[in-house]
Amino acid sequence: MNAIFTPVGNHPWLGLARRGLRMSMVGLGIAVVMTAVYRHHFWHTLVYSMCITMFCWLFIDSSRMLVARWVHRHEPECEQYGRWPGWQWMATIVVIGTVGGYSAGAFLGNLITGLNNPGLAVGDLRQAMALLVVALVPGIGATYFFYSRERLALSEASAQTAQRQAAENQLKLLESQLEPHMLFNTLANLRVLIGVDPPRAQAMLDRLIAFLRATLAASRNGSHSLATEFARIADYLELMRIRMGDRLQPVLELPAELAGQPVPPLLLQPLVENAIKHGLEPHIGGGRLIVSAAREGDALVLRVRDTGAGLINGSTDGTRFGLQQVRERLATLHGRAARLELSPAADAEGGTLATITIPLS
């Protein structure tokens, strides 16, 4: 009686058990109604109702899955409907399955109760047609009900897939904007150095080529390990040290247990760039730049701290391009579960603290 559409991805045995439980509830409901209307013996009515209902469901559901597999093998474009073969096939399956299920259920009911109720093949035509209609009506109703529910589930799954694809496209767009931004900043630094110290500019250019080769290749992936992210940051800081010398004192702190944690590529790059450009470079003595990772509850916390000039006028908006990119990427990936916060450092060394909080994978 239950020709149910099952979305691809559901465990087949779990779905079968759920459908069997639902149909047993349908059989119980039919028994209660039949007993109330016709004043039949409840036990006998329950036995026949459960036997007929479950046999009809078994015949229809198994036939549906077999026919759907055959249809999808010969018509691949129908695979989007999961285990649903189409209404033309289902109409035939429901009728044949109802006839076979009623006959088998009535036979088993007779064996259990010791009665001799006629099946569809016994008695006159009018009685047979009446029994068939009685069996078909709930079968068709249950088929349409479960079909509608599962199609709704498929629609929701399709909407989630489309939303995820849109988010992935948005991430790729943001990353494609971030790469030239990082490159232009680095080239601007290189241009300044060429005029004042050509040998160091040559060394910086060599570092830049190697850095870009590794970084741009990594950015083509949707994510990489936190260890890889820290390695790219280390390369970038070595690149900046060629120009800034001892004014830049980098410190990287990555616990071993977090090294394999996946993160989006170039996530920390804009924060490190801003710390150097707006914190350490304007500061005459330079300072330390500390990049760290820690686990706090179920969250991964990444911090970029500098001991430089600090926030201008105490602003914590962080609306510069790089910070805005980080915020948009976090929102696209994790929604409200992730955040970027900018605040003045809380100790005597001063400077700025940028903190990223994302869920642990």
Side-chain angles (χ1 to χ4, degrees), residues 1-31 33-34 46-111 117-123 125-158:
M1 294 175 70
N2 173 27
I4 180 172
F5 165 83
T6 304
V8 176
N10 280 2
H11 194 286
W13 292 110
L14 182 60
L16 186 68
R18 283 200 302 262
R19 296 195 296 275
L21 179 61
R22 290 169 182 168
M23 292 314 301
S24 65
M25 294 298 101
V26 172
L28 177 61
I30 293 175
V33 172
M34 295 289 289
L46 178 63
V47 169
Y48 282 104
S49 176
M50 294 297 291
C51 290
I52 293 172
T53 298
M54 298 308 291
F55 267 112
C56 287
W57 162 69
L58 181 62
F59 286 177
I60 293 174
D61 212 34
S62 58
S63 299
R64 171 187 59 80
M65 290 188 289
L66 292 174
V67 172
R69 183 177 300 177
W70 182 86
V71 169
H72 298 164
R73 184 180 297 124
H74 292 81
E75 301 178 20
E77 67 276 6
C78 294
E79 289 186 2
Q80 60 179 314
Y81 300 113
R83 297 186 178 94
W84 181 260
W87 277 110
Q88 291 181 340
W89 280 105
M90 279 309 304
T92 303
I93 291 172
V94 168
V95 173
I96 296 177
T98 300
V99 172
Y102 188 95
S103 300
F107 177 77
L108 180 60
N110 287 338
L111 291 179
N117 286 327
L120 294 178
V122 180
L125 180 61
R126 180 179 298 178
Q127 183 181 20
M129 292 301 297
L131 292 175
L132 179 60
V133 170
V134 170
L136 273 176
V137 169
I140 294 174
T143 297
Y144 183 76
F145 171 75
F146 289 118
Y147 167 79
S148 300
R149 285 191 56 175
E150 298 299 335
R151 285 305 301 270
L152 179 61
L154 176 64
S155 298
E156 292 176 353
S158 299

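With hydrogens and angles ignored, the 3.5 Å screen pairs a side-chain donor or acceptor of Ser49 with a backbone N or O of Gly27. Proximity of a side-chain donor or acceptor of Ser24 to a complementary backbone N or O of Leu21 within less than 3.5 Å is detected.
Taking the side chain to side chain contact (heavy atoms under 4.5 Å, CB included) definition, one finds that Leu108 meets it with Cys51, Phe55, Ile112, sequence neighbours left out. With sequence neighbours left out, Ser62 forms a side chain to side chain contact (heavy atoms under 4.5 Å, CB included) with no residue at all.
Residues Leu66 and Trp70 have side chains not in contact (no heavy-atom distance under 4.5 Å, counting atoms from C-beta outward). Met90 places a side-chain heavy atom less than 4.5 Å from the side chain of Ile60. Within the 4.5 Å cutoff, no side-chain heavy atoms of Thr98 are placed close to those of Phe59.
One finds the CZ atom of Arg64 at 11.0 Å from the CZ atom of Arg69 (value rounded to the nearest 0.5 Å). Expressed to the nearest 0.5 Å, how far OH of Tyr102 lies from OG1 of Thr53 amounts to 11.0 Å. Here the straight-line distance linking atom CG of Asp61 with atom CG of Leu58 works out to 8.0 Å at 0.5 Å rounding.
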